[in-house]
Each structure stands twice: as structure tokens, then as C-alpha cells.
Amino acid sequence: MSLFLGAMRHHIPGRKELTEHVEVKKLLPAKEVYIPLIHGNNTAFDILVEEGSEVKVGTKLAQTKAGLHVPIYSSVSGTYKGVAKRMHNSLRPQQHMVIELDGKQEAIQSFEPKNFEELTREECVAVIKEAGIVGLGGAGFPTHVKYGKVDGVDTILINAVECEPYITADYKMIFDNCEDLILGCRIMKKMGDVATVYICIKESHPDLIEFVKQKCPAGSGIEVRPVPDVYPMGWERVLVREVLKKEYGMLPSEAGAIVGNASTAIAIARAFTKGMPITEKYITISGEAIKNPATVCVPVGMVASEIIAACGGYTEDSVRIIAGGPMMGRTIVNDQFVVDRAMNAITVLKHQPDNAIACLRCGRCSDHCPSGLQPVRITAAVKAGNVEEMEKRGAMSCIECGLCTYICPSKIDVTENVRKAKRTLMLKKKK
Amino acid sequence: MKFNFHVSPSIKSPLSTQAIMRDLTIGLGFIFTIACVYYGAAFGMEYAVHAITLLISSLIAMVVCEAGFAKIMKKDIKTSLLNSFGWVTSIILVMMVPITMTNYAIIVATVFAIVFGKLLFGGFGQNIFNPAAVGRAVIMASFANVSAKLVTSATPTAEMANTYHWLPSANEFGSFVSGFKGFSSLFIGTYVGSIGEQFTILLLIVGVILAIRQVIDWRTTVTYLGTIVIMTAVIALITGLGSYHGIPAILWYPALHIVTGGVVYGGVFMLTDPVTSPTSASGRVIFAMGAAMITVTIRLCGNLPEGCLYSILIMNMLTPMIESFLDGKQLEIKKKVQKCTICLGIIALGLCFFCAKSAQPKEETAYIPAAQQEVI
């Protein structure tokens, strides 16, 4: 906090205690999984298996027709039954590949395991490109692009912050897969050609910090870096600001850093050692309206209602069900959506009216915006319909972290107003 | 089973505008209570009763205006009253007037504050001017001579302005201070002033508590009072004021400005009004600096005894301009803000020279109409 700038972040009660010390449940769907054929906005896929054919865990099912190369693998063993259109967490109906389970969960290697120590930096990057590894923090940015040019990069930050309330998926996964995490860090260190890798964990998880510290090999350049328990600490810009005390324009590499997610590091390690893609996900099922909150380990494509039933079901009649955490996750109006590769939580909250009142102009949204925007001013531009001002006030730099809505004492959906500005600007760009 | 839609995020912080206003009301109410106790103890019960009557008159006028407006606008009266926070305006207004004010004047001022200061702009959150300041300005312009049948002595502000033109020599300062039972009583507030703003130390304590509870922004108050202290210290240096009992002028002269008049009250409760001040942190700093410069200039060069009220109204007017000047990403405009602050600092320094030059103690006391003696 300074004289001219607000805090640009805020502590949000994490409510992690709901699931932190609950054993991870391994679940399998009763009958079928539905694997969504979508990556970002790309829904054009070539399906590589015949209807009715047997598939195993790790069988390549489909890959993108154009654009970014993204392969899709089966998460279960069973029979492929064709495609079906159903609700997806992108809020639109999408094509899903239906696979009936045989319950055996037999696995095959999707690609050949490699020993990274025998490979050059470029060969390592080629391996993860081939394996189709994308960032698992949510954006799905292809990981190999970050390691294409590494001049000037001297630090890698591993994001194990998990700043969204309720979610403990990364926390639990790191406890279960710490060796993979360290191996992933070593591979990333080689690919990035850097001296230090910081694994960033919230101070409010001292047990995890201690655990990972003990597993870090001495003198390897891999260190644990505790970070404050504030939101949105897990956004790479805030992480770089906190750890390296630097700002950048577009990409963290301008500040000499590459930021990667902890689950991405684990995925890289698996690709090298086992030749396996991501087929199962740690998902935190939490919130006040869930009977037995827990973190579960499920195959990609499992239906939410089945998982929620396994967690004891709902405790309220009127709920908000959110694919993701309560800050950035989207509410979905039924529980028939499936677990996607980039999903890490399902949060179920009691539905409460907002009771918004007039804006007080207190400026808390401007003080806390991690992008340094002034949401109250962008809202004013939206109300006036002034497109030029929306652009000047930087609406496009909003990442929709939701902190402005959270902090607003008048309970206004500030983020939604900024989203309106973004939509208006994008429409204008298209014209 | 009902699955509801809500735009993200789906959780909201427990802090509400209602809670902010509640804290503010408690802070103001506490100071008002202390004021009633002081006037009751020092002058007699009818003084305390009169202060309470003033507040009740103002509150009734406020409720009538708000309810009438809600009725005309076909809104639910109870929710409009609760979400308009008119009582804060009433309390702030009452605490700005001297104890000799009549109920009639305070009712007219409240009507102006609520209707013309707030409701006609579109209600809470839309008004440009601080409603309480509008009400006070109405009293200043129209009711300065009215007085309830209560007898009080001269206020330090009026005496400082009329007799010394805010620039007493060290000896004059000494006689001024002893006229009010010493500096500590000026600091504590045991003298006759405006009902709320005389209790400097109490106001500062309440201000710190409110700032910690994030009800008011510390930047506004600290910048405002800080700028006044620095400017008056510079003026003390320029005019070569002597030391008072060994205390150099750069210390006693700013202290005089802080404890006399309404700057602490204005800085804690009025400039920090979020509705009428800029929304960004940097905007509030510039806003408070501007207000401080106007306050000092009016005090030393203007024809008014006090500058706090008009500095607030003038800066309220400039708020939209400051906001549009500071539009954009806050990290990108940081340089611009720093340059702007430095420029304002240089202007403030220039003003110090101007004030010191034009406010030399005069031989003859300029005529100041009684109408302007009892001003914050």
C-alpha cells in the first residue's frame, strides 16, 4: 500500500478447512464418461476411434483439426459409443465423446517415456509439445510456447498458490505426487535454462511448505517460496510482482520469469516417466451447500451430479453450483456438466439475494484491482455508453478475477459491468 | 432442487455500505455526546438540551424530505430512507454549527442540504457537493445573525480571524492562548466553538479508529492535514515569526492552525465523504492537497474567517475533473500522478509566499461583518 496506489490484492477467507484434512476419495463413474471435444474456443476435432471400438486409459481419441495441436486421450477403459451433445461448463452445449466403462481401468502408454537428462533443452521442449501439454491453471496456454525462447529468463515460478477459496485440489495432489512435482521442476529448469525454480505456496499452508521443503534436493536450485494468503496471488502478474518485485507488459518473460502451474509440472513429469497424459483430475467438491465436502480423484469426463452424490448431496434446496472456485468459476444451471481437464473444483453455495444498493464511490474496487484498473470508472463509461472511454480506461486488461465485486460494500456486480465493457470493445474490434 | 444463475464471483465480502455508515454514525454520535456533556457541564443543562433539539429538528426535516421525495418518485419509503443515509448528513451538519444556532435555521439548512444538495442530483451516490457542506453554506449566507437565546463567548476561530488575521506574532499568540485557558484546552476543545469541531484530540482519535476500520481513507485526512501543517510552517519561516516560550514558530504556528477552526473535523468527516471525492487513491491525494491549499489561502488572504467549508465545496466541484484527468490504468499513470503532485507542491509553496506577503498583521482591523463571525 502506498500513497498513490491501493493494496491491489485482498485477503479472502479460504474456507480450506472444509476439505483440507479429508481423505482424497477415488471415484469411478457408474456407467459412462463424456469427454468434451473443446479446447478454448476450438471445437473442430478429428475423431480417431471407430464407434463401438474398445479403448483403454491413455488411448488417443481425438485431436484438433486446425490451430494448436491438442490431442485428447481416454480417461477410462471401455467402449466408445459415439458423440452426444450436452451441457458444458463453457455454458454452451458441446459435443462429448461417450465411453461406456468396463470397470477394469486398463492403461496403455500414450507415448514413449523419455529420460530428460539424456535430452537437450530443445528435445525436451519437443517432447512436451508432442505430448500436448497445456497450462493447467485454467487458460490452457500451450506450455511449449513459453519455453520456445528463453533468453533473459532467469527464474521459473511454480504456481502452487491456489488462491481461490474452498479449493484444495493442488494441495492434496502435491502431497500425493511430490516426487513428480520435483521432477517436473527439474525438467522445467532444464527447458528454461535457469538457475532457480521457486515453488510458490501460501503461508497459510505451513504443513505443505514443510513437506515440499524436505523433498527438495539440496543445491538443486529448487526452492519453496512462501507467499502471503491474498487473492489473486495465483495470477502470474501478482506472483511476479510479489516474488520478483517486477512489472511487465504482456508476458512474464519480460520480467525474466516463466510461470507454470504445479499440476502442469506434475503432468510434464508423468509424460516423461510414464508416457501418460492427464486422464484423472483432483477436484475439490466443497461449499456450504455440500453435505460432505472432500477432494476427489476422478477420470476426466465424469458427470458432476455423480460426484456430488458421492459427497452426500446438497444440503439446501436453492443453490448455486459453480464449475471452479467461487471467484472465477461459472455458475451452471444444472448438475449434468462433466469434469474437464482444466477444472479443479465444483463449489456449491447457498443462493442468497445480493441486495445491491447505490454505488458509494468509495473506490475500493480501484484500490484492490490487481490490474490497477478503475472498475468504478469503467462502469461509469459503460453506463454512459462511451466506447472510447471504455478503451482508454483499460477495460481489456481485466482478467475478471472478481475481486472488485467481492470487495464492493454496496454489493454491486462490478466485474459484470467491466465484462460488458470488454464485450462492447470486442464487438467494435470485429466490425 | 433449484440451480440458480449468478455472474461470477459468487461470494461477496462481509463489509457492507450499511456497516460503513453505521461505524460513521457511531463515531459522529460519540463526539456529539461528548459535546452535549461538555456544554451541559460548562454552561448548564439548557445548552445540552438545545444541542439535542437541534439534532432532532434536523433529523425530522431530513426524514420528511426523504420520505416526500420517495413518495414522489414512487419508491418504497422505508428502503429509500435506509439506503439514503440521510441521518449522516444531519449529524454532520448539526455538529458544524455553533450552539447558538436556532432550530428554524437548522431545519431550513437541512432541507437545502437534503433536497438541493442530494436528492435533486439523483439521490445517494450521485450528488456532486457534500450535502452537509451545502447546508452549512446556506446557514452562513442566510442565517449568520440568528441566535437562540443562549449567551456564549467569542469562538477562538472568530477571534483569531478578526483580531490577528491568522498571523499573530509570538506575543499575540501568547495572549490569544491564555484567553482560552491555555493551549491544551484549545487542543482538547474546552471552549465555545461549533458543536462538534472543537474537540480536536477526540476527532483525531475517532479518525484513526475509522481509518483502521476502513470507513474513511487515511490518504485524504493525512494529506489534507499534512499539507496544511507544511504550508503554515513555511509561512511561519517566511514571515519570521518568533518563538513562543522556546517553541519555534514552525511548530506552534501549524499547531495553531490545526487546533483552531474546523480543519480536523473537515479532514476527518467531510473531505473523506466518498461520494463527493475522487475514487482513486491518487485522486484523493490530489483532492486533499487542493483543499488544503484553498483552506490556507482563504484563512490568510480571504475575507472569511475560515476556509475549510469552501475549500471542500470547491474541491467537490473539481472532483469530476480530477477523475477524468486520472483515468486509465493506475500503474501506467503513476509517473503522471507523481509529476502532478510535485507541481501542486510547487504551487503550494508559491501560495505560501503570497499568503505571507498579503496577510501581514495590519494595524487597523478590517471590518468583518458579524454575519461571518461564526463560521467553521
Side-chain angles (χ1 to χ4, degrees), chain A residues 2-6 8 10 12 165 247 314 317-322 324 326-335 347 349 351 354 357-367 369 371-374 376-377 389 392-394 397 400-403 405-411 413 415-416 419, chain B residues 1-21 79 82-85 122-126 214-219 222-223 272-286 319-320 323-324 326-334 337-338 341:
Chain A
S2 73
L3 190 60
F4 297 126
L5 286 173
M8 300 180 82
H10 187 70
I12 294 178
E247 296 290 339
Y314 306 99
D317 284 331
S318 184
V319 297
R320 289 178 196 161
I321 177 161
I322 305 155
M327 292 300 288
M328 292 188 76
R330 289 178 165 134
T331 52
I332 296 179
V333 287
N334 63 48
D335 55 5
T347 311
L349 300 172
H351 183 62
D354 285 339
I357 63 167
C359 172
L360 170 74
R361 291 173 38 86
C362 64
R364 277 181 175 74
C365 48
S366 305
D367 284 352
C369 177
S371 293
L373 303 180
Q374 303 181 36
V376 56
R377 297 292 294 159
E389 280 299 320
K392 187 187 155 200
R393 293 171 194 185
S397 301
E400 304 178 20
C401 72
L403 193 53
T405 300
Y406 178 83
I407 206 89
C408 178
S410 291
K411 314 293 167 200
D413 285 316
T415 316
E416 189 58 20
R419 246 182 237 132
Chain B
M1 198 69 230
K2 188 163 183 279
F3 298 108
N4 300 278
F5 180 76
H6 190 274
V7 292
S8 77
S10 291
I11 51 170
K12 297 193 175 185
S13 80
L15 180 75
S16 67
T17 301
Q18 286 85 348
I20 293 175
M21 290 300 175
T79 46
L82 283 177
N83 292 343
S84 188
F85 310 106
F124 177 75
Q126 309 283 322
Q214 304 200 338
V215 173
I216 60 172
D217 189 0
W218 60 272
R219 291 182 185 86
V222 169
T223 314
T272 52
D273 171 24
V275 177
T276 53
S277 58
T279 50
S280 64
S282 46
R284 277 180 238 131
V285 171
I286 292 173
T319 294
E323 291 222 288
S324 64
L326 296 176
D327 265 337
K329 295 203 220 169
Q330 294 179 77
L331 289 169
E332 284 173 7
I333 58 166
K334 214 174 158 186
V337 171
Q338 281 164 353
T341 315

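Proteins come first, then strands; the chains are lettered A, B, ... in the order of their sequence lines, and each starts at number 1.
- Contact of A/T405 with chain B is made through backbone and side chain together, with heavy-atom distances under 4.5 Å.
- The shortest distance between side-chain heavy atoms of A/T331 and B/S10 falls below 4.5 Å.
- Applying the side-chain hydrogen bond (donor to acceptor under 3.5 Å, both in side chains) rule to A/H10 yields no partners; only residues at least two apart in sequence or on another chain are considered.
- With respect to the salt-bridge test (charged N to carboxylate O, under 4.0 angstrom), the residues B/E323 and A/R361 qualify.
- Residues B/I20 and A/C362 are not in side-chain contact: their nearest non-hydrogen atoms beyond the backbone lie 4.5 Å or more apart.
- No side-chain heavy atom of A/K411 sits under 4.5 Å from any side-chain heavy atom of B/T17.
- Top candidate by heavy-atom pairs under 4.5 Å with chain A, chosen from B/V222, B/D273, B/I216, B/L331, is B/L331.
- In this structure, chain B has heavy atoms under 4.5 Å from both the backbone and the side chain of A/D335.
- Contacts between B/V275 and chain A at a heavy-atom distance below 4.5 Å involve backbone atoms as well as side-chain atoms.
- Only the backbone of A/C359 comes within less than 4.5 Å of a heavy atom of chain B; no side-chain atom from C-beta onward does.
- Neither the backbone nor the side chain of A/L403 comes within less than 4.5 Å of any heavy atom of chain B.
- Using a 4.5 Å cut-off between heavy atoms, A/L349 contacts chain B through its side chain alone, with no backbone atom that close.
- Rounding to the nearest 0.5 Å gives a distance of 5.5 Å between CD1 of A/I12 and CD1 of B/I11.
- Heavy atoms closer than 4.5 Å to chain B are found in the side chain of A/I322, but not in its backbone.
- At least one side-chain heavy atom of B/R219 sits less than 4.5 Å from a side-chain heavy atom of A/D367.
- Contacts between A/D317 and chain B at a heavy-atom distance below 4.5 Å involve the backbone alone (N, CA, C, O).
- In terms of modelled atom types and a separation under 3.5 Å, the side chain of B/S8 and the main chain of A/R330 share no donor-acceptor contact.
- For A/M328, the part lying under 4.5 angstrom from a heavy atom of chain B is the backbone only.
- Interface remark: A/R320 contributes backbone and side-chain atoms alike to the contact with chain B (heavy atom separation under 4.5 Å).
- Closest non-hydrogen pair, A/G402 versus B/P9, comes out as O-CG, 3.2 Å.
- B/S324 pairs by the side-chain hydrogen bond (donor to acceptor under 3.5 Å, both in side chains) definition with nothing, not counting sequence neighbours.
- Only the side chain of B/T223 comes within less than 4.5 Å of a heavy atom of chain A; its backbone N, CA, C and O stay farther away.
- Between A/I357 and B/Q18 the shortest side-chain heavy-atom distance falls below 4.5 Å.
- Across every non-hydrogen atom of B/A281 and A/G6, the tightest pair is CB-N, 4.3 Å.
- In this structure, NZ on B/K334 lies 9.5 Å from CZ on A/F4, to the nearest 0.5 angstrom.
- The closest donor-acceptor contact from the side chain of A/Q374 to the backbone of B/T279 lies at 3.5 Å or more, if one exists at all.
- B/F3 and A/N334 get closest at one heavy-atom pair: CD1-CA, 3.8 Å.
- With contacts defined as side-chain heavy-atom distances shorter than 4.5 Å, the pair B/Q330/A/M8 does not qualify.
- Within the 4.5 Å cutoff, the side chain of A/Y406 has no heavy atoms near those of the B/L15 side chain.
- For B/P14, the parts sitting under 4.5 Å from any heavy atom of chain A are the backbone and the side chain alike.
- If you measure heavy-atom distances from A/V376 to chain B, the contacts under 4.5 Å come from the side chain alone.
- Ion pairing between A/D413 and B/K12 holds under the 4.0 Å rule for side-chain N and carboxylate O.
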